[in-house]
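Structure record follows, encoded as C-alpha cells.
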Amino acid sequence: MGNMLLFSLIAGLGSALLLYPFSRNKQQENENTKKAFPAIMVTAVLVCMLSVFVFYYLTNRDLNFSSLWVFFILIAAAGAVLAKGKERIIKGILFLGSLLLGIYLLSAFLFNANEKYEIAKMATKTEIETFDETETPASVPPQFARNKMKKAFGQVPNTSYYELGNLQIQKVNGEYVYIAPVEFSGFFKWVNGDVTPGYFTISATDSSANPKFIKSEMSYTPSSYFNKKIERHIRMKYPKEIFYGDVQLEINDDGKPYYIRSFGEFVSARNGFDVKGVVVADPANGEIESYNLNEVPEFIDGAVSPEAVSLQNSYFGNYIHGFWNSKFGKKDVKLPSDEGTEANVSPIFDENGEMFYFTDFTSPKEGVDSMLGYSLTNSRTGEATYYTGNLEESYMDSQGALQIIEKKFIEKKWNGKMPILYNFYGEASWLTPVLDANGFLQNYFIVSAANPEISVYGTTPNEALRLYKTALQRGGGSVDGSSKAEEKQISGTVLRVYKEKTGDATVVTFFLNNKKNYTISSETSPLAIYLQEGDKVRVNYLDTGEVFLPAKELVIEGLE
C-alpha cells in the first residue's frame, strides 16, 4: 500500500504542477490570490493523487510511470489550455511530447512483430508425438467435470455463500485431476463469510469418478474484496511486475492450495509479453514468493499461464514475416486454433507426467480445415515445439474433427469438446469427448486426421481405442511400426478363435499357446477367415501392452 501511496503522491504532485496556471496568478496577483495559492495547490495535489490512487487500486495496474501516459496527455493538454504566455508555450511543448510518447506506445505493435516472433520461435519436428496405448489420456472434458462438481456442491458448508471457481488441471500424487476453488458469490457473502472453505477435486481420466470436497480455508481469493483480493494482494507485494493471465489454483502433494500468476516483461514500449517467472501466494496467510521459470517448485504444473502460451502461439503463427504480412500477403502465416479448453489451448500430459499446452494451427484461408501443424508448450518452462506431421499427407484440423462429430450426432445435438491429436498405432488421430446439450459426457470419438472416413466411438477412451485399432485394419489405416510400440514376431499354435463380421470385413481374434491374444482384419490378411483351432501360425504384431495385440500380418502354416 505504501508503494501505491507514494506513486500516487508523485503523480498527483506532477499533475497539479502541470494544471495550475502560474502565469495567470502573476497577472492577477493580489493579496487574496497569494493567500489562496497554497490551498489551491494542496487541493489540486489531493484530487489528482486520489484519482490516480483509486484508478490503480481498482485496476491493479503496474506502478511504472510509463503506465501514466494517458494521464500525462490529458493533464498536459489541460495545463496548456489554462496557462498564458510563455508558460503556455512550455506546457504546449510538454503536451506535444506526451502526444509523441502516446503515438510511440500505440504504434509499437507495428514495429516489434519481428521481436515477438523471435521470442515465440519454436523448435520444429516432423514426427507426431506417440501415445502409450496402455495408458488412459486425461480425456475428461472440463465442462463435464465442472457439471459434476456443481452437483456435489451440497458438500460445501454454508452453500449459499459460495459458488464454483475456475477449473484447473494438475498432476497430484501421480494422478491427473481437475481442481476448482470454492469462491464467494458476492460482496455481502464475503463480508459474512470472511474465508472460503476449500476446493473440489475430480479425476481427469475417469469419467465415472465423483468429485471430492477438500477443506482448506482461504482468505486471499479472486472473489474476495479490497486488500484480500488475491490479484491486489500480489500487486501490493510486486508493484512494478508485469503480470499476464488470470491467477490459477494449484495444490501440492499434501493437498495445500496455492494461487499462482505468471509475470514477465513487455517486448517493447508496453506492448507484447514475454514470460519470465511465477509468483506463488498462500491464500491462507497471504505469504508470497517469486520464482524464475528455472526455479519453479516441483508441485506447480502451470507456471506459464495458458493466456501467455496463447499469446506466444499467436506471435509464432502470425509474425513469421512481420506485422504487415500477417494482415495482407499472409505468406507462411498459420492461425492457432481457438478450440482449446483454457484460453484457446488445451493442457495435456506426456508419458513422464509433464504438462504441455496443445494447440493446432490451420490456414488463414477461409473454408479450409486442413491442419498445418500443432505446438506443444511445456507449462513449466515455456519451451515449445512445433510438429508438422508427415508433410506428404494432409491432416484435418480440430475444427474439421468437431464438424464430423456434429454431423454424426446431428439428431441428438451432441457436440465434441477438447479435441487432442494423438498418434494411435502410427495414425495421426483426433480423440474428442462428446457431450450432450446439458454438458454430460456421452462417448469418446476417435477419427483419423489423414483419413476422416475412419472413425469410431466408445463409452470409454480405451474402448474407443480398441474399436479404432480394428477400424484402422479394416479401413487400410497405417497400423504400422511408427507407433511407439515395438514390432515383434511370434510363432505358435492357435488355442481359441473368435470371428466377428463388421461390414464387408471379418475381424479375427485368436488366442495362442503363449497365452496372448491377437486381432487382425480380413482386409489386412484375407486368409485369416480360414483360421481354426490347432493351426500353427506366424504373427507379426505391435507389442502395445494391450490385452488384444494388433496384428499386422498372419501366416497360417499350410495355407501360404
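The figures that follow rest on heavy atoms only: side chains count, while hydrogens, waters and symmetry mates do not.
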Could you give me the CA-CA distance, side-chain angles and deciding distance for F7 and F53, then say whether ring pair (Phe, Tyr, Trp, His ring centres under 6.0 Å) is met? CA-CA 8 Å; F7 180 84; F53 179 85; over 10 Å; no
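- Heavy-atom contacts from other residues, nucleotides or ligands closer than 6.0 Å to CD of E175 number 12 or fewer.
- A donor-acceptor pair shorter than 3.5 Å can be found between the side chains of E354 and N378.
- The local environment of CG in N166 is sparse, with at most 12 non-hydrogen atoms from other residues, nucleotides or ligands closer than 6.0 Å.
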In sequence, state the C-alpha distance, the side-chain angles, and the governing distance for F356 and F358, and then conclude on ring pair (Phe, Tyr, Trp, His ring centres under 6.0 Å). CA-CA 6 Å; F356 290 80; F358 168 86; over 10 Å; no
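- With sequence neighbours left out, F266 forms a ring-ring contact (aromatic ring centres under 6.0 Å, His included) with no residue at all.
- Sparse packing is recorded around NZ of K121, with 12 or fewer heavy atoms of other residues, nucleotides or ligands lying under 6.0 Å away.
- Less than 6.0 angstrom separates the ring centroid of Y20 from the ring centroid of F22.
- Contact check on E231 versus R235 returns no salt bridge, with no Lys/Arg side-chain nitrogen under 4.0 Å from an Asp/Glu carboxylate oxygen.
- Contact check on D397 versus K334 returns no salt bridge, with no Lys/Arg side-chain nitrogen under 4.0 Å from an Asp/Glu carboxylate oxygen.
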Given the rule in the side-chain hydrogen bond (donor to acceptor under 3.5 Å, both in side chains) test, do T359 and N313 qualify, once you have shown the distances and angles that lead to the verdict? CA-CA 8 Å; T359 310; N313 286 335; 3.0 Å; yes
Determine whether Y225 and F184 satisfy the following criterion, side-chain contact (heavy atoms from CB on, under 4.5 Å), listing intermediate values before the conclusion. CA-CA 10 Å; Y225 288 81; F184 294 109; 5.7 Å; no
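- Residues F109 and F323 place their aromatic rings such that the two centres sit under 6.0 Å apart.
- Side-chain contact check for S185 and E163: no donor-acceptor pair (N or O, by modelled atom type) lies under 3.5 Å.
- Figure legend: cation-pi geometry between K228 and Y220, with NZ or CZ positioned under 6.0 Å from the six-membered ring centre and within 45° of its axis.
- In E295, the CD atom is crowded: over 12 heavy atoms of neighbouring residues, nucleotides or ligands sit closer than 6.0 Å.
- Residues Y374 and F361 keep their aromatic ring centres 6.0 Å or farther apart.
- Residue K150 qualifies as open at atom NZ: its count of foreign heavy atoms under 6.0 Å is 12 or below.
- Taking the charged nitrogens against the carboxylate oxygens, D274 and K116 have no contact shorter than 4.0 Å, which rules out a salt bridge.
- Between the side chains of Y117 and N112, not a single donor N or O lies within less than 3.5 Å of an accepting N or O.
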